[in-house]
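Below is one structure; the comments refer to it alone.
We're numbering straight along the sequence, starting at 1. For ligands, and for the atoms within them, numbers begin at 1 and follow the listed sequence. Side-chain atoms are counted along with the backbone in the values below, which use heavy atoms only and exclude waters and symmetry mates.
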Amino acid sequence: MPPSSASHPNGSADVAEVVIVESADAAGELAADAIEHLVRSRPDAVLGLATGSTPLTTWRALAGRGLDLSRVRGFALDEYVGLPAGHPESYRSVITREVVEPLGLTPERVRVPGDDGPIETAGERYERAIDDAGGVDLQVLGIGRTGHIGFNEPGSSFASLTRVKTLTQQTRIDNARFFDSVEDVPMHCITQGLGTILGARHLVLLAFGEAKAAAVVGAVEGAVTSSLPGSAIQLHRQVTVIVDEAAASGLAHADYYRYAWANRLEWERL
Ligand code: PGA
């Protein structure tokens, strides 16, 4: 079970809080609110960093807050295996370009799995580094069309830790937009496991657009199953799911989520 979060007023919540917003920009502001609150109370907070298109509005909103994030520590969710060092689409490069530089994080305080030696044993070292940092306080997550979180493709154990995985062809196709062709997208990756992700104290999952609607339904309202790795979030006690209308379009209880958010208590926050 994830560590408790006694300092959070919603720390005892036993269901995901689902917030449906009008735009990715609005979602980014809300996620940035949660991160800002955390960092103001703990300047050396540990953030779980996601790449991809989804978190970009969060990073942009956070950059606009003028916070000193130089003491924040960061752990990326995942990385491709097999790209040459310094490749612009390696997640180390992406994190540097999209997170570290615009937010003013200290590069030495940001880790990416597989960045420290032999890949065969990189997972164990990454787990140890996260433990040594005291665990992840807030993990930002996107979700793939396959239902993956991190690069945990269908069939991933809910107890899995950081390890090397094979990407599905769907994920390679989805990520081909960042490369010249799908053949250039690596076949392998190293990713935090579902167990690693569940160990973070607060999960903030973002999803935008119709293409994510099925994965969002599966993750939030579907059966808890390794066939849809994002459904692992239902096992966590502090999850915030922030989606736009299109990504929320398949949710059976969307009206309730809207109602609950509109009527949230004054002291409630993400
Ligand atoms: P995206 O990827 O944000 O680029 O859609 C999300 C994911 O694959 O986890």
Side-chain angles (χ1 to χ4, degrees), residues 21 23-28 30-32 47-62 75-81 83 88-95 97-99 112-113 136 138-156 160 162-163 165-179 182 184-194 196-198 200 203-220 226-233 236 239-250:
V21 294
S23 66
D25 284 337
L30 280 181
L47 289 184
L49 305 172
T51 52
S53 307
T54 305
L56 290 176
T57 57
T58 299
W59 307 139
R60 195 164 58 229
L62 197 55
F75 287 91
L77 270 175
D78 44 20
E79 174 61 293
Y80 292 115
V81 171
L83 288 182
E89 293 308 327
S90 73
Y91 284 174
R92 164 59 78 184
S93 298
V94 172
I95 290 273
R97 196 165 61 230
E98 293 174 353
V99 185
V112 175
V136 171
L138 186 153
Q139 176 67 60
V140 177
L141 294 169
I143 187 164
R145 287 207 290 168
T146 63
H148 70 211
I149 51 175
F151 271 146
N152 294 282
E153 299 286 25
S156 296
S160 53
T162 306
R163 70 223 183 283
K165 289 283 288 180
T166 307
L167 294 171
T168 61
Q169 191 60 11
Q170 179 68 59
T171 295
R172 294 180 74 218
I173 291 167
D174 289 345
N175 287 8
R177 67 190 194 279
F178 298 115
F179 293 83
V182 68
D184 293 332
V185 182
M187 198 166 280
H188 296 100
C189 63
I190 178 166
T191 180
Q192 288 190 29
L194 295 177
T196 319
I197 292 169
L198 290 176
L203 305 181
V204 177
L205 187 147
L206 301 140
F208 312 125
E210 178 68 33
K212 300 294 177 70
V216 168
V217 172
V220 175
S226 63
S227 291
L228 201 135
S231 66
I233 66 169
H236 195 287
V239 183
T240 308
V241 177
I242 310 176
V243 287
D244 67 3
E245 293 286 348
S249 57

Review point. Has the side chain of Glu79 got a donor or acceptor atom that lies under 3.5 Å from a matching backbone atom of Arg92?
Key: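 Such a contact is found between Glu79 side chain and Arg92 backbone.
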Considering only N or O atoms, set out every pair between ligand 1 and the protein closer than 3.5 Å, with distances to one decimal place.
unit_1: ligand 1; atom_1: 3 (O); unit_2: Ser53; atom_2: N; d: 3.2
unit_1: ligand 1; atom_1: 3 (O); unit_2: Thr54; atom_2: N; d: 2.9
unit_1: ligand 1; atom_1: 3 (O); unit_2: Thr54; atom_2: OG1; d: 2.4
unit_1: ligand 1; atom_1: 4 (O); unit_2: Ser53; atom_2: N; d: 2.9
unit_1: ligand 1; atom_1: 4 (O); unit_2: Arg177; atom_2: NH2; d: 2.9
unit_1: ligand 1; atom_1: 5 (O); unit_2: Lys212; atom_2: NZ; d: 2.6
unit_1: ligand 1; atom_1: 8 (O); unit_2: His148; atom_2: NE2; d: 2.7
unit_1: ligand 1; atom_1: 9 (O); unit_2: His148; atom_2: NE2; d: 3.3

Exercise for review: Measure the acute angle between the ring planes of Tyr91 and Phe151, then classify it against the limits of 30° and 60° as parallel, tilted or perpendicular.
Suggested key: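 Geometry flag for Phe151 against Tyr91: parallel rings.
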Check your understanding: side-chain hydrogen bond (donor to acceptor under 3.5 Å, both in side chains) between Thr146 and Gln170: does it pass, once the steps are laid out?
Key -> CA-CA 7 Å; Thr146 63; Gln170 179 68 59; over 6 Å; no
Check your understanding: Listed by chain and number, what are the side-chain hydrogen bond (donor to acceptor under 3.5 Å, both in side chains) partners of Thr51, not counting sequence neighbours?
Key ->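 With sequence neighbours excluded, Thr51 shows a side-chain hydrogen bond (donor to acceptor under 3.5 Å, both in side chains) to no residue whatsoever.
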Review point. Looking at residues at least two apart in the chain, or sitting in another chain, which of them share a salt bridge (charged side-chain N to carboxylate O under 4.0 Å, His left out) with Glu89?
Key: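 Per chain and number, Glu89 pairs via salt bridge (charged side-chain N to carboxylate O under 4.0 Å, His left out) with Arg97.
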Would you be so kind as to tabulate the donor-acceptor pairs closer than 3.5 Å made by side chains of residues 53-61, with sequence neighbours excluded?
unit_1: Ser53; atom_1: OG; unit_2: Arg177; atom_2: NH2; d: 2.6
unit_1: Thr57; atom_1: OG1; unit_2: Ala24; atom_2: O; d: 2.8
unit_1: Arg60; atom_1: NH2; unit_2: Asp25; atom_2: OD1; d: 3.0

